[in-house]
Every structure is written in C-alpha cells, then in structure tokens.
Amino acid sequence: MNQPAPLLQVRGLTTQFATEEGLLTAVDNISFSIQSGRTLGLVGESGCGKSVTGYSLMRLVQPPGKIVSGEVLLNGTDLLKLSDKEMRTMRGGKIGMVFQEPMTSLDPLYPVRDPILETLSIHRGLKGAEAKAEAVRLLQQAAIPEAEKRLASYPHQYSGGMRQRILIASVLAGRPQVLIADEPTTALDVTVQAQILALLRQLQQETGTALLLITHNLGVVAENCHDVAVMYAGRIVERAPVRTLFASPRHPYTKGLLQAVPGPSTPPRQPLQAISGSVPSLLRLPSGCRFLSRCPLAQPQCAQTEPALRSAGENHEAACHLVETQER
Amino acid sequence: MAASAPLASETVYVRALTPRQIAWRRLRRNRAALCALGLLALLHLLGLFAPFLSPYSPVQQNLALYYHPPSHFVWRNNQGQHTFWPEVPATMLTPSHRCIDLPGTLAPLRLFVHGERYRLLGILPVSLHLFGCKNPVFLMGTDALGRDLLSRLLYGSQYSLSVGLIGIAITFALGLLIGGISGYYGGITDNVLMRFTEVLLAVPGFYLLLALAALLPPGMPSGESYILIIAILSLVGWAGLARVIRGIALTTRERPFVEAAKALGVSPLRIIVRHILPETTTYSIVSATLAIPSYILGEAGLSFLGLGIREPTPSWGNMLSSAQNLEALTQYPWILMPGLLIFVTVVAWNVLGDGLRDALDPRGMR
C-alpha cells in the first residue's frame with residue numbers, strides 16, 4: 001500500500017519518572033503514526049501510560065517526569081529537539097490537546113471568550129473585531145447556542161459538556177494539525193459524550209486534523225477511530241485498523257479487554273470475563289512478557305524474552321510470542 | 001398582569017452579583033471598616049491639597065513665636081462688638097513663655113486668601129490658600145523654631161502617607177513577580193530565589209533598615225532620600241510576601257486551567273500574570289492593607305532616628321522626634337500631634353484590612 005508520509009510520527013518514545021523507589025518507565029519505547037484526517041485510538045487501562053503519552057507529545061510532562069528518548073516528528077520536525085520557545089509556538093498552533101477535566105480546565109476568573117481570543121492572538125495574530133468574529137464562529141461550530149451573547153459568560157454559567165465544547169473551540173482556534181484528546185468525555189454523561197465525539201468527528205472532516213483519541217472506552221474507539229493502539233504497562237501491545245482489531249484481536253490482553261465488555265451476544269446473567277490479576281508495578285516489571293502473570297496462554301518462552309511487536313496480518317501488529325502459532 | 005410576562009421563547013439573562021459586588025456589600029455593612037476607609041480617604045485628600053489647606057510654608061520660621069500654643073479665636077472685634085466671625089489677636093511670648101494677646105490687634109480670620117505661590121497638585125500655579133489672617137494664626141501651635149505645626153503636618157503627611165502606598169506598590173510588584181516565578185517554575189529557579197529570600201528574612205528587618213539608611217550620604221536632598229527610604233523599605237518587605245505567593249503559585253500551577261493554557265501555547269509570564277497571580281488577589285489585598293502601617297511606621301522610625309526624611313522637610317516621623325524631651329512634652333503637648341496622626345492612620349489601615357479580610361473571605365458568604 002502506498003501511503004502518504006504520516007503527519008505525526010512517534011518513534012521509540014520513552015518517558016520516565018524519577019520516584020523515590022526508583023526510575024519508573026511510564027511510556028516505554030512506543031512508536032506510532034497518524035495520517036492527517038485520521039484518528040488513532042489509544043486504549044488501555046488506568047495507569048498504562050496513555051495520558052503520559054499525550055503529555056509527552058505536547059512536552060508537558062511535569063518533573064519528576066522526563067522524556068528520555070525518542071522522536072516526535074510533526075511534518076518531519078522533531079518536537080523533542082525544539083527549544084522551549086519554539087515548542088510554545090507549536091503548542092496550540094500545530095499540536096493541540098483537550099484534557100479530561102472540562103469542569104476545571106477553564107479559569108473561573110475569565111469569561112469563556114478569553115482562552116479562544118488568547119489562542120487566536122498567539123497563533124493567528126487575530127485581534128479586535130476580527131478575533132471576536134472568529135471566536136463567535138468557533139463557538140457556533142462547537143454548537144454553543146447564542147454564541148455572540150455568551151462569549152462574555154463565565155465558565156460557571158456553563159454545563160460540563162458546554163465547557164468541553166468551549167475548550168475544544170479554544171484548541172481549534174489555533175488550527176492545530178494534530179489534536180490530542182485525552183479522555184475528552186470521561187467526566188461527561190453519555191448523551192453529552194456522544195455530542196462531543198460527533199463534534200470532534202465533524203471538525204476533523206472539515207479541517208483534516210489528525211486526532212489522537214486517548215480513552216479506555218472501547219465503544220468510543222469502535223465508533224470514532226480508524227486505527228487503534230492498545231497499551232499495556234507502558235508499551236503498545238497491539239496495533240491494527242479498528243475493524244481488524246475488533247474482529248480478530250491477536251494479543252491475549254486485547255482479547256481479554258474485548259471479552260470484558262458486554263455486547264449483544266453476551267449471555268445474560270453470567271459474569272463477564274475479567275482479566276485476572278492486576279497490572280504489574282512499573283517499578284518491578286517481570287522479566288519476559290509484561291502480561292505474563294495474567295495471560296491465560298502463557299508459555300515457558302514468555303518468561304524469558306519480552307516479545308516485540310510483530311506482524312499479525314495486514315497493517316496489524318501484536319507483541320506476543322504466540323502470534324504465529326495462535327489460531328486466527 | 002400577564003401582559004408583561006416574558007415570552008417563553010425569550011431567554012432571560014439574570015446578572016449575578018460579581019464577587020467584587022458581594023465583597024463591597026459586605027464591607028459596607030462593617031461600620032468600623034467603613035469609618036476607617038473614610039478617615040483614610042480624608043487624610044490622603046488633606047495631604048493631596050496640603051499647599052492649599054496650610055496657611056504657611058512648612059519651613060517658614062517665626063523665631064519669636066517658638067512653641068506658640070494653638071491660636072485662640074475671639075468673637076468680638078477691636079471695638080468690643082460681638083461678631084459672628086472669629087477674630088485672631090496678635091500675640092507675644094513673655095520671657096517665661098506665656099502667650100499673651102496684644103490688645104487692639106484683633107483681625108478677622110479670612111477664607112480664600114492669597115499668600116505664598118505654590119503649584120496645586122503639582123501642576124496649577126496658584127497662590128490661593130483656604131484661610132489666613134493678618135495676624136499670625138497657628139491652629140495647632142508652632143514647634144521649636146516657630147514653624148506652623150498644621151502646615152508641617154499637612155506637608156508631612158505627603159511624605160508619611162505616600163511612603164506606605166508607594167512602598168507597598170513596589171513591594172507587591174517584587175513579591176508577586178518573584179513569588180509567582182518561583183512557584184510556577186519550581187526546581188532550581190525556585191530553590192535559588194527562595195534561598196535568597198530566606199537570607200533577607202533571616203536579617204532582622206529594622207537593623208537592615210538602619211544599616212541601609214546609614215549608607216545615605218548626610219547632605220542628601222530630601223526628595224532623593226525619600227525615594228531611597230521607599231526603596232529600602234520595599235527591599236526589606238518583599239521577602240515574606242514572595243514566600244506566601246510562591247506557596248499559592250505552587251498549588252495553582254497544578255490546576256487544570258494552567259495546564260490547558262500551557263497546551264494552548266501561552267507564554268509562562270502570561271500564565272503567571274493572568275492565571276496564577278489573580279488567585280492570590282484576596283490574600284494580596286488584605287496583606288497589603290495590613291502591611292501599609294509598617295511602612296508608615298518604618299518611615300516614622302527612620303525619620304525619628306534622623307535617618308529618614310531630614311529637617312527642615314517635614315515628615316510625621318521627624319516632627320515627632322522633636323517631641324522627645326520631657327519638658328517639651330509637658331509644656332507644649334501640641335507637638336505630639338504627629339504621633340497621634342501616625343497612631344490614627346495605622347489603626348485605620350488595620351481596621352480597614354480586617355474589614356477587607358472579612359469581606360473578601362469566600363467562606364463568609366451569607
């Protein structure tokens with residue numbers, strides 16, 4: 001397949017936190033890429049490094065966290081090599097991020113137009129009436145009714161869903177080529193969730209943004225993403241187009257995740273299949289495969305070497321020793 | 001009655017009270033704080049219009065009338081007729097320092113008289129004074145050199161009161177900026193800045209003041225030494241503030257809206273000024289109000305010791321230093337007036353500060 005060069009390419013990204021008990025590798029040598037206009041879903045359970053990946057791309061990892069190695073290529077520019085000042089023009093201008101706390105991500109002291117106008121002035125040099133008109137347009141685009149009147153309202157006068165839409169509008173104001181959405185709907189109820197995701201989808205179609213959707217909700221992934229990367233304990237363990245992943249998951253962890261979600265074919269009144277055990281501490285990883293202790297298919301070789309991502313079909317990779325031997 | 005009811009399709013926006021309005025309402029209910037506010041406003045206005053209000057120049061000496069008691073008014077004229085307007089007699093001091101009226105010298109007190117020229121508010125050249133009289137009139141008496149105490153108090157308040165305001169402005173600019181930077185950046189920046197403030201805090205404040213003030217060359221014009229005193233007071237004062245601001249900044253920088261601002265590419269200085277420092281507003285307003293007295297007292301203290309504003313330029317501090325000896329105190333108690341004014345000002349600022357703290361306290365919402 002002859003694909004155009006990806007807009008965002010991440011290679012060997014590793015982020016570590018210096019804790020009192022030792023060096024914790026939250027994101028361990030992960031690589032992925034997104035084409036413009038495509039959506040990559042990054043899924044995994046809490047603490048697997050999804051959010052840290054997002055922060056790393058933005059270079060917003062707070063000490064004691066540190067990006068140790070890797071490349072984040074945006075249109076061929078390595079973000080990790082830029083100076084702080086250069087990175088600041090990228091943030092919001094080329095690569096934007098929507099956070100998971102819509103209730104608190106707007107400064108309560110300023111009317112909602114402020115972050116939008118701020119982005120417009122920083123990244124697009126728009127000021128005055130021009131900026132205001134654009135802010136109204138952005139809010140309308142984000143489906144805020146009576147946008148013109150409500151520009152001057154304060155965050156507390158909005159519901160959580162509206163705040164998230166305002167935040168999205170403020171991020172889109174900078175026309176980023178890459179948008180990272182870190183669990184953008186976690187704090188919202190289901191109907192609002194659907195609205196936000198529909199909004200993101202629609203905006204992506206209009207602007208051709210590459211979207212990295214970080215979530216732990218497989219339903220959200222199935223509906224919104226073109227490709228999926230599954231993270232486990234800081235690593236990507238499986239990567240595939242969304243249909244392939246849901247139809248034929250190849251990593252036992254992905255299989256376990258999918259089995260744990262109730263679907264129409266789930267037999268009633270029976271406990272769902274849970275993945276036994278819990279995520280190993282990132283400070284004391286077992287030798288060999290990270291999923292070993294919880295894997296129903298564990299083999300002796302799994303305890304010896306850590307499996308690398310290997311091809312498991314067209315555009316499909318999984319980090320499991322058993323990819324070749326397993327039945328499809 | 002239904003005619004004026006809003007249509008259901010029209011959204012009605014109700015303006016909620018802003019926090020500022022809530023605070024102002026609560027402050028208005030606090031009578032003591034309100035009195036303090038009024039009193040301070042009055043004192044500052046008096047200082048602002050000192051040249052107009054004072055009948056004499058603050059440095060004009062009247063050696064024959066030293067330690068003259070406050071002038072008294074007579075309600076009849078030289079012909080012995082009763083008047084409705086006060087008349088002031090010319091006076092002289094006996095060798096035993098008794099003040100006696102000279103007979104037949106009564107002259108009416110006049111309003112809006114022309115006297116010495118000055119610039120009103122520093123701009124308008126005028127010579128109009130609120131009151132004056134043909135005879136020397138000293139509403140608050142004179143000092144050891146026969147200078148009018150009222151005029152000196154009014155002119156002195158320009159120095160003594162503005163020291164607090166300007167000093168606090170500089171201190172807060174420094175403290176907010178350094179505290180904000182320290183808390184926002186953290187790490188090495190924080191460490192270096194905080195160790196530096198600790199060094200400043202470790203030196204007892206007043207001794208540092210004395211040491212710095214002693215560096216001032218003795219012959220310095222009072223305008224310059226005034227600026228230097230403010231600089232010295234601010235230099236000593238910002239450290240404590242910076243530490244508290246840093247603490248607030250440390251917690252605020254973890255707030256999601258700061259992160260969101262960073263993700264939008266907002267510059268650090270802008271984040272500090274727009275998102276972090278406003279979180280300290282309540283604390284800053286209250287602590288500024290409560291800190292102003294220490295500047296007024298600091299100036300008074302330095303001037304009292306002869307290290308601040310120097311004679312003949314009046315300030316409440318150096319005026320009070322002439323009230324040091326017991327004889328002067330018992331014989332001429334009016335020279336204690338600057339002390340009283342310092343006291344009243346300091347108490348007023350404190351009461352106002354307390355009132356503001358109650359008014360701005362979000363937990364006090366009722």
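Each chain gets a letter, A, B and so on, in the order its sequence line appears, and its residues count up from 1.
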Colleague: May I ask you to list the residues in residues 259-273 of chain B that approach chain A closer than 4.5 angstrom, counting heavy atoms only, ordered by number?
Modeller: E259(B), A260(B), K262(B), A263(B), L264(B), G265(B), V266(B), S267(B), P268(B), R270(B)
Colleague: Other residues, nucleotides and ligands only: do more than 12 of their heavy atoms fall within 6.0 Å of CZ on R243(B)?
Modeller: no
Colleague: Count the heavy atoms of every other residue, nucleotide or ligand shown that sit under 6.0 Å from CD of E130(A), and state whether that count exceeds 12.
Modeller: no
Colleague: With a 4.5 Å cut-off on side-chain heavy atoms, are P278(B) and Y110(A) touching?
Modeller: yes
Colleague: Looking at R25(B), I want to see if its CZ is surrounded by more than 12 non-hydrogen atoms of other residues, nucleotides or ligands under 6.0 Å.
Modeller: no
Colleague: Tell me if the CZ atom of R195(B) is crowded by more than 12 foreign heavy atoms within 6.0 Å.
Modeller: yes
Colleague: Heavy-atom distance under 4.5 Å to chain B: side chain of P63(A), backbone, both or neither?
Modeller: neither
Colleague: For E148(A), look at atom CD and say whether over 12 heavy atoms of other residues, nucleotides or ligands are found less than 6.0 Å away.
Modeller: no
Colleague: Less than 4.5 Å to any heavy atom of chain B: does that hold for the side chain of D114(A), its backbone, both, or neither?
Modeller: side chain
Colleague: Checking S170(A) against chain B: side chain, backbone, both or neither under 4.5 Å from a heavy atom?
Modeller: both
Colleague: Taking every non-hydrogen pair under 4.5 Å, which of R59(A), M87(A), H123(A) racks up the most with chain B?
Modeller: H123(A)
Colleague: Side-chain donor-acceptor pairs under 3.5 Å in residues 93-109 of chain A, sequence neighbours left out?
Modeller:
residue: S105(A); atom: OG; partner: E101(A); partner atom: O; Å: 2.8
residue: D107(A); atom: OD1; partner: L109(A); partner atom: N; Å: 3.0
residue: D107(A); atom: OD2; partner: H275(B); partner atom: ND1; Å: 2.7

